Amino acid sequence: MSGGVAPIPDECFGRAHAPRGCSTSNTETQPAQTGRASQTVFPFYQETKRMSRRLLVGVFLIGLHAFVGVTLIPDLALGPFGSVLAWAYLALSAVLMRYGVLVRGKGSAVLAWSGLLAMGIFSSLSIFSLLRAFVLTVASLAGWESARLEQGSAYAVIVAVVAVTLFGLLNARRTARVVERDIALRNLPAALDGFSIVQLSDIHVGPTIKRGYIDAIVRRANGLSPDLIVITGDLVDGSVADLRDDIAPLAQLSARHGVYVVTGNHEYYSGADSWIAAFERLNMKVLLNRHVLLAHEGARLVLAGISDYSAELFNPGHRSDPHAALAGAPDDVPRVLLAHQPRSAKAVAEVECHLQLSGHTHGGQFWPWMHFVQWQQPWVAGLQRVGEMQVYISRGTGYWGPPLRFGAPSEITRIRLQKADDLAP
């Protein structure tokens, strides 16, 4: 196509490790003028797509609130006044959820907590209401319907929502537990046998995660006396100006070989370049498609990091690139790479890495969303494998959005490297 803008194939959108020719800046295959035009068209396309998606989500949520009200409230036998209050709560929930999605940084604490809790409560309320509707439909088809079943199941939904919310809130707000994980690597030098890495991930400092929460994480991580601390992205939900005081305790993280971090998708929502500079000021070294060579008691370890899988959509210069990250790295020493999203593993495995550490999924955070994670990511949590490379996915050290964790506890992961022949098969 001459004299115009080359179309971007649909399969390129949302892909960081896209084939040659899928670059949003087209710097490799298009003339400079065409590249600039593509960069103008692409954000417009993305913004239009984002607005349409928000409209559809808004309509869907309003409809889901109406469904809950119509199917649940009549069977609770609340009386006229109680029913009005129940409908008023659902209306308020729809409004507060909108604020909960948009709030970042230092917005109103009351509105932030109200909106994000409303989001979590309605998640459980809608899921249990849908399950109840299914059960009642089956009962009706089987001839088992009764007023007692309808009312009893309605109260059961409310009890289940309250229980999940209270337990999930307590579980999310406690300091993450330490998860011990021994990972065996072939040909590991004897000096690196037992080398300890503390992995933090997905802390999401923001509307409901503040300085006190971070202080507790730092104390627990430092108490493990690790050789190395790594943070696999999504530290923040807000701007540097809003969150600099809350994130300040991370400067106290201490490990023999230092603290290293990679960007997650949420850093790009809030100005990744500003956050990269802020992390460096906090003595956290950012691995943006690069590696360092660590010397430990006569042995060497390559530690590499790549930018987030989706970074290119926000900053074409930050395109996630495992090849660049390990360019020039010796191939006769163990290689550990930090990548925020597990789906980077396929590209990372191509550069002969031994271990990838990731986060992003939160382990699903609370039921039933862990069952949907694999629509986007290859794995939900735990130790996995791609060919000869192992991948460990943390459930995250904080939480995002609703301050709830149910069925997916947060973790501070202490990884100990071991020689493969030292572990039982």
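As the structure is a computational prediction, the values presented were derived from the model and not from experiment.
- The shortest side-chain heavy-atom distance between Leu357 and Ile197 falls under the 4.5 Å cut-off.
- Looking at heavy atoms from C-beta onward, Asp246 lies out of side-chain contact with Ile214 at the 4.5 angstrom threshold.
- For residues 121-140, the ring pair (Phe, Tyr, Trp, His ring centres under 6.0 Å) pairs, not counting sequence neighbours, are His65-Phe122, Phe128-Trp367.
- For Glu388 (side chain) and Arg385 (main-chain N/O), no donor-acceptor pair under 3.5 Å exists by modelled atom type.
- Using a distance-only test at 3.5 Å, with no hydrogens or angles considered, a donor-acceptor pair links the side chain of Thr137 to the main chain of Ala133.
- Of the possible polar contacts, one joining the Glu267 side chain to the Gly264 backbone as a donor-acceptor pair under 3.5 Å is found.
- Judged purely by atom type and a 3.5 angstrom limit, Asp234 uses its side chain to pair as donor or acceptor with the backbone of His266.
- Two residues are said to be in side-chain contact when any heavy atoms from C-beta on lie closer than 4.5 Å; Glu150 and Arg132 meet this criterion.
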Let me have the donor-acceptor pairs involving side chains of residues 157-164, under 3.5 Å, with sequence neighbours excluded, atom names and distances please.
none

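- Atom CZ of Phe81 has 12 or fewer heavy atoms from other residues, nucleotides or ligands within 6.0 Å.
- Note on residues 346-358: pairs passing side-chain hydrogen bond (donor to acceptor under 3.5 Å, both in side chains), not counting sequence neighbours, are Gln356-Ser358.
- Within the structure, ring pair (Phe, Tyr, Trp, His ring centres under 6.0 Å) pairs that include any residue of residues 236-259 comprise Phe195-His257, His257-His296 (at least two apart or interchain).
- Residue Tyr269 is tested with Phe314, Trp400, Trp275 for a ring-ring contact (aromatic ring centres under 6.0 Å, His included); the sole match is Phe314.
- For residues 154-185, the set of pairs meeting the ring pair (Phe, Tyr, Trp, His ring centres under 6.0 Å) definition, not counting sequence neighbours, comprises Phe167-Phe406.
- Contact check for Leu338 versus Leu287: side-chain heavy atoms found under the 4.5 Å cut-off.
- Looking only at distances, a side-chain donor or acceptor of Arg405 sits under 3.5 Å from a matching main-chain atom of His362.
- Residue Ile306 is tested with Asp321, Leu326, Val348 for a side-chain contact (heavy atoms from CB on, under 4.5 Å); the sole match is Val348.
- Under the 4.0 Å criterion applied to side-chain N and carboxylate O atoms, Asp227 and Arg414 are not assigned as salt-bridge partners.
- Arg181 and Thr413 are not linked by any side-chain donor-acceptor pair at a separation below 3.5 angstrom, with hydrogens and angles left out of the test.
- Under a 3.5 Å cut-off, the side chain of Arg319 and the backbone N or O of Asn315 do not form any donor-acceptor pair.
- There is a side-chain donor-acceptor pair under 3.5 Å between Tyr399 and Arg173.
- Ring geometry for Trp375 versus Phe372: interplanar angle over 60°, hence perpendicular rather than tilted (30 to 60°).
- Using a 4.0 Å cut-off between a side-chain N of Lys or Arg and a carboxylate O of Asp or Glu, Arg256 and Glu297 qualify as a salt bridge.
- A side-chain N or O of Thr232 and one of Gln199 form a donor-acceptor pair less than 3.5 Å apart.
- When every heavy atom of Ala339 is checked against every heavy atom of Val262, the shortest pair comes out as N-CG2, 4.5 Å.
- Note that CD1 of Ile209 and CG of Asp237 are 8.0 Å apart. Values are rounded to the nearest 0.5 Å.
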Please report, to 0.1 Å, the donor-acceptor pairs under 3.5 Å made by any side chain of residues 216-226, with sequence neighbours excluded.
residue : atom : partner : partner atom : Å
Arg220  : NH1  : Thr175  : O            : 3.4
Arg220  : NH1  : Ala176  : O            : 2.9
Asn222  : OD1  : Ser254  : N            : 2.8
Asn222  : ND2  : Gln252  : O            : 2.9

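- A side-chain donor-acceptor contact under 3.5 Å links His340 and Asn265.
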